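Below: one structure, written as structure tokens.
Below, each value reflects all heavy atoms present in this structure, side chains not excepted, and no hydrogens, waters or symmetry copies. Because the structure is a prediction, the values reported are computed rather than measured. Numbered from 1 within each chain, the chains take letters A, B, ... in sequence-line order.
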Amino acid sequence: MKKIITIILAGFIVPLQLYCQANLKDLAIPNSPAFVLVDEAPTNVESPLIPREFVLGLAQNFDIESRWFQNYSMDFTPYWWVTAQSRDFYSFAGFDGPTDTTYNPFSGLKFTGISIGILQKDLIPDKIELTQKVFSVGARTTLITIRQKSYVKEIRQAAQSWHDAVQEVSNDCFFDPNCEDKVSGKHVKKVSEILRQKPIFQWNLAAGYAVYGINDSAWQTGRYGAWTNAAVFVPVGKEERYLDIFATGRYMYDAYTLKETGAIGTSGAFDVGGKLQLDLNRFSLGGEAIFRMASEGAGTQQRISAYASYKLYDSLFIQAAYGEDFGPETNVFSLFGINWGFGQEKVEAPK
Amino acid sequence: MANTYQAGAGAQQIILSVDVTTIGLAATRGIVDSSAVAHSSDVTGDIFQSPIGRAADIQNETLIIGTRIDLNIVGDQEAREKEFEKIRASYILNNGSDGQKLFDTFDSIDHNDDFTIAVAKIQIQLT
């Protein structure tokens with residue numbers, strides 16, 4: 001049945017990517033703020049496992065002629081560099097140990113990610129095609145996470161069940177990594193499910209800063225930005241049904257913007273938005289509003305829309321949306337079609 | 001060089017401690033002559049000062065300590081490979097003729113194809 005629906009609807013595909021333009025996803029907290037800031041796609045990014053790999057990567061990318069690095073981008077989470085003895089499953093899951101009953105709301109801080117971009121790129125929109133030396137750095141973190149009251153108890157029990165099941169297997173199986181034990185496998189699946197559960201509340205922050213080397217001696221601020229979002233997930237009944245409430249904001253500053261007059265000047269824009277979404281397994285229904293305030297006196301623009309989404313498969317959604325888009329004048333849109341999400345989740349604000 | 005520990009021939013209990021470092025789910029088991037003599041009590045995989053037998057009884061036996069680690073919770077395979085590289089373990093035997101002796105790493109660590117399961121192992125000859 002799903003296949004028939006898919007084939008029928010394939011004839012009605014509209015460029016839903018248009019719908020996705022300037023929606024809350026654009027305000028998503030980037031995983032690598034340093035790349036977003038300098039318009040670099042986070043592809044071919046190195047993720048060094050150890051500090052030595054980072055230093056080696058820098059050395060390999062250094063261009064003697066220009067005395068600067070050739071587009072070296074890397075992101076890393078220092079937590080993965082550290083082998084502190086305190087690293088264990090319990091700290092990873094956000095509490096102190098097998099007898100602890102309280103989730104640490106700041107446990108997400110340890111997964112703070114750092115991104116660095118060192119490149120040569122023309123980021124000044126003048127008529128001179130000359131690359132600048134660019135150094136960009138950014139960080140992203142989850143400041144506060146509040147989980148369900150039962151989280152610690154449930155995950156502790158599931159983990160202990162895994163442990164006890166593993167201790168029951170024969171020596172031959174225990175010492176063989178290729179031996180699959182179905183009982184412990186069931187428990188680890190439960191642990192994973194609990195880890196993936198949406199928290200009650202989460203607050204994420206990211207920031208980035210980029211400087212340009214205009215010539216060999218002058219380094220000047222090029223761009224900076226800050227992103228934040230907060231989400232509340234209210235369980236609705238049983239299973240994975242939630243009322244999701246999102247609030248998000250972004251500030252971006254560019255010291256080198258091409259003005260309508262043709263001159264180069266500074267610009268800044270502040271976006272703030274919110275979204276309410278009812279998430280019922282495959283079906284979701286919601287509305288969002290985004291307000292944009294630019295530094296150039298363009299006034300406040302807004303986008304207000306309602307949408308519905310149904311997940312046919314993990315990466316295939318039927319979506320419909322209606323609302324008013326950004327623009328100096330009223331700009332109503334209505335869209336209906338299929339979105340090939342390619343692994344993305346339902347339409348939702350960034351986590 | 002093979003790991004050895006001089007337990008002696010006394011009647012006292014030999015004590016084993018194991019400290020495992022990983023964010024995966026870990027379970028540790030110590031065996032002598034195919035019989036379990038010690039095991040962890042939670043998913044840290046640690047063993048805290050557990051008696052493994054009278055020195056005279058386990059003298060000239062081989063103590064094998066294995067830690068089975070499930071990395072399924074650690075995201076995708078790339079993340080699991082990173083965590084696999086971070087797995088550490090140290091072992092302390094005490095109360096024998098050698099007194100307290102530290103073995104600061106395992107002999108070997110193996111994994112399955114997709115790095116979801118790893119097993120770290122050390123073999124100690126008790127003399």
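Heavy-atom distances place no part of A:T77 under 4.5 Å from chain B, backbone and side chain included. B:L71 does not touch chain A: none of its heavy atoms, backbone or side chain, sits under 4.5 Å away. Contact of B:T22 with chain A is made through the backbone alone, with heavy-atom distances under 4.5 Å. Neither the backbone nor the side chain of B:A36 comes within contact range of chain A; no heavy atoms are under 4.5 Å apart. Heavy atoms closer than 4.5 Å to chain A are found in the side chain of B:D19, but not in its backbone.
Residue A:K190 places its NZ atom among 12 or fewer non-hydrogen atoms of other residues, nucleotides or ligands, all under 6.0 Å distant. Annotation for B:F48: atom CZ does not count as buried by contact number, only 12 or fewer foreign heavy atoms lying within 6.0 Å. Counting non-hydrogen atoms of other residues, nucleotides and ligands closer than 6.0 Å to NE2 of B:H39 gives a total of 12 or fewer. The environment of B:D76 atom CG is dense: over 12 non-hydrogen atoms of other residues, nucleotides or ligands sit within 6.0 angstrom.
A distance of 10.5 Å separates CH2 in A:W162 from CG in B:D42, rounded to the nearest 0.5 Å. With rounding to the nearest 0.5 Å, the separation of NE2 in A:H163 from OG1 in B:T28 is 7.0 Å. Expressed to the nearest 0.5 Å, how far OG1 of B:T116 lies from CD of A:E180 amounts to 7.5 Å. Separating the OH atom in A:Y79 from the NZ atom in B:K82 is a distance of 13.0 Å, to the nearest 0.5 Å. Atoms CZ and CZ, from A:F175 and B:R29 in turn, are 6.5 Å apart once rounded to the nearest 0.5 Å. One distance of note links CZ of A:R87 with CD of B:E83; it measures 4.5 Å at 0.5 Å rounding.
Interface check for chain B: of the options A:N178, A:V188, A:V166, the most heavy-atom pairs under 4.5 Å are formed by A:V188. Between chain A and the residues B:N72, B:V74, B:I117, B:D70, the most heavy-atom pairs under 4.5 angstrom are made by B:D70.
Across A:F174 and B:V119, no two heavy atoms sit closer than the pair O-CG2, 3.6 Å. Contact record, B:L25 with A:A159: CD2-CB, 4.0 Å, taken as the closest heavy-atom pair. The two atoms that bring A:P177 and B:N112 nearest to each other are O-CB, 3.4 Å, heavy atoms only. Heavy-atom minimum distance, B:R68 versus A:C179: NH2-O, 2.6 Å. A pairwise comparison of heavy atoms in A:S192 and B:I73 identifies OG-CG2, 3.7 Å as the closest pair. Residues B:S41 and A:Q160 approach most closely at O-NE2, 2.8 Å, considering heavy atoms.
At least one donor-acceptor pair under 3.5 Å links the side chain of A:N171 to the backbone N or O of B:S34.
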